[in-house]
Q: 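Below you will find the structure I want to go over with you.
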Amino acid sequence: MEEILVPIVLFMVIGATIITAVIFRFLEKKKLLEKDLPADDLYNLMGVNREVRKSYWLAVSGTIMIFFSVGLGAGFWLDKLTNEDPLVAVAISLFTGIGLITAHYYRSHLVNKELR
């Protein structure tokens with residue numbers, strides 16, 4: 001019974017901590033916006049640097065996840081087709097590597113598009 005409750009309580013505590021942190025950050029930003037401060041001062045108080053370029057981490061991680069999923073599917077398909085387990089790891093590694101390379105070039109393309 002205890003081995004079932006420990007992961008459940010662990011995930012509940014982690015979730016409650018994340019939700020509390022998000023709520024407190026939102027309330028802090030809301031209090032700052034209620035004050036009559038200039039926009040530049042608000043950005044400085046919130047720690048936002050307006051000169052920093054975008055990082056495109058969502059596009060990069062999404063591309064890597066798509067290729068990982070394709071590799072996982074191809075690995076399971078090859079496992080059923082040939083009944084050899086190492087092909088699953090090879091397919092996942094191969095497609096994840098292709099995804100990393102594709103994500104790098106995709107990010108470079110987005111940065112160059114932003115600079116134009």
Side-chain angles (χ1 to χ4, degrees):
M1 181 77 177
E2 290 83 20
E3 60 267 357
I4 294 174
L5 289 178
V6 171
I8 293 172
V9 171
L10 176 75
F11 284 119
M12 287 175 59
V13 169
I14 290 172
T17 305
I18 292 171
I19 290 170
T20 304
V22 169
I23 288 173
F24 280 136
R25 284 190 59 150
F26 170 75
L27 291 175
E28 178 185 17
K29 289 178 183 179
K30 185 178 174 186
K31 293 275 186 191
L32 285 173
L33 289 174
E34 287 174 356
K35 298 179 181 179
D36 290 333
L37 295 174
D40 290 334
D41 291 341
L42 284 174
Y43 283 124
N44 289 336
L45 286 173
M46 288 185 199
V48 175
N49 188 358
R50 296 174 73 186
E51 301 298 322
V52 176
R53 293 190 334 224
K54 297 177 184 174
S55 66
Y56 301 109
W57 68 273
L58 280 175
V60 169
S61 61
T63 305
I64 293 169
M65 282 188 224
I66 289 170
F67 276 93
F68 177 79
S69 301
V70 170
L72 190 65
F76 286 143
W77 178 71
L78 285 172
D79 184 38
K80 281 188 174 182
L81 194 64
T82 62
N83 291 329
E84 293 192 31
D85 291 333
L87 289 179
V88 176
V90 169
I92 292 172
S93 300
L94 176 72
F95 278 99
T96 303
I98 292 170
L100 287 168
I101 294 169
T102 305
H104 169 73
Y105 286 115
Y106 182 55
R107 183 188 174 283
S108 299
H109 170 72
L110 291 176
V111 168
N112 290 337
K113 187 177 173 182
E114 179 185 333
L115 292 177
R116 281 188 228 154

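The figures that follow rest on heavy atoms only: side chains count, while hydrogens, waters and symmetry mates do not.
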Q: Looking at CG of N112 and OH of Y105, how far apart are the two atoms once the value is rounded to the nearest 0.5 Å?
A: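 N112 CG to Y105 OH: 12.5 Å, rounded to 0.5 Å.
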Q: Same hydrophobic cluster for L10 and I8, using side-chain heavy-atom links shorter than 4.5 Å among ILVMFWY?
A: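 Per the 4.5 Å side-chain linkage, L10 and I8 are not co-clustered.
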Q: For the residue pair A91 and L78, what are the closest heavy atoms and their distance?
A: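 Reported closest heavy-atom pair: CB-CD1, 4.5 Å.
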Q: Quick one: does I92's side chain get under 4.5 Å of F68's, heavy atoms only?
A: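 A side-chain contact under 4.5 Å exists here.
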Q: Please indicate whether Y56 has more than 12 foreign heavy atoms, meaning atoms of other residues, nucleotides or ligands, lying under 6.0 Å from its OH.
A: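 Yes, the 6.0 Å shell around OH holds more than 12 heavy atoms from other groups.
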Q: Which distance, rounded to the nearest 0.5 Å, do you find between the OG1 of T102 and the NE2 of H109?
A: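 Answer for the OG1-NE2 pair, T102 versus H109, is 13.0 Å.
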Q: How many angstroms lie between OG1 in T96 and CD1 in I101, if you round to the nearest 0.5 Å?
A: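 CD1 of I101 is found 11.0 Å from OG1 of T96.
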Q: Could you see if V111 belongs to whatever hydrophobic cluster contains Y106? Use Ile, Leu, Val, Met, Phe, Trp, Tyr and a side-chain cutoff under 4.5 Å.
A: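 Per the 4.5 Å side-chain linkage, V111 and Y106 are co-clustered.
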Q: Determine whether F67 and L94 fall in the same hydrophobic cluster, where Ile, Leu, Val, Met, Phe, Trp and Tyr are linked whenever their side-chain heavy atoms lie under 4.5 Å apart.
A: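 Looking at the clustering, L94 is in the same group as F67.
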Q: Taking L72 as the starting point, is it possible to reach V90 by hopping between hydrophobic residues whose side chains are less than 4.5 Å apart?
A: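 No; L72 is not reachable from V90 via cluster members.
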Q: Taking all heavy atoms of A59 and all of L110, pick out the closest pair and write down the distance.
A: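 Shortest heavy-atom separation between A59 and L110 comes out as CB-CD1, 4.1 Å.
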Q: Given side chains that start at C-beta, do those of L100 and I64 come closer than 4.5 Å, heavy atoms only?
A: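 Side chain of L100 against side chain of I64, heavy atoms only: contact under 4.5 Å found.
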Q: Taking V60 as the starting point, is it possible to reach W57 by hopping between hydrophobic residues whose side chains are less than 4.5 Å apart?
A: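 Looking at the clustering, V60 is in a separate group from W57.
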Q: Would you check if the side chain of D79 reaches a backbone N or O of G75 as a donor-acceptor pair within less than 3.5 Å?
A: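 Checked: no pair found.
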Q: Could you check I19, V13, T20 and say which one makes a side-chain contact (heavy atoms from CB on, under 4.5 Å) with T17?
A: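 One option only clears the test, and that one is V13.
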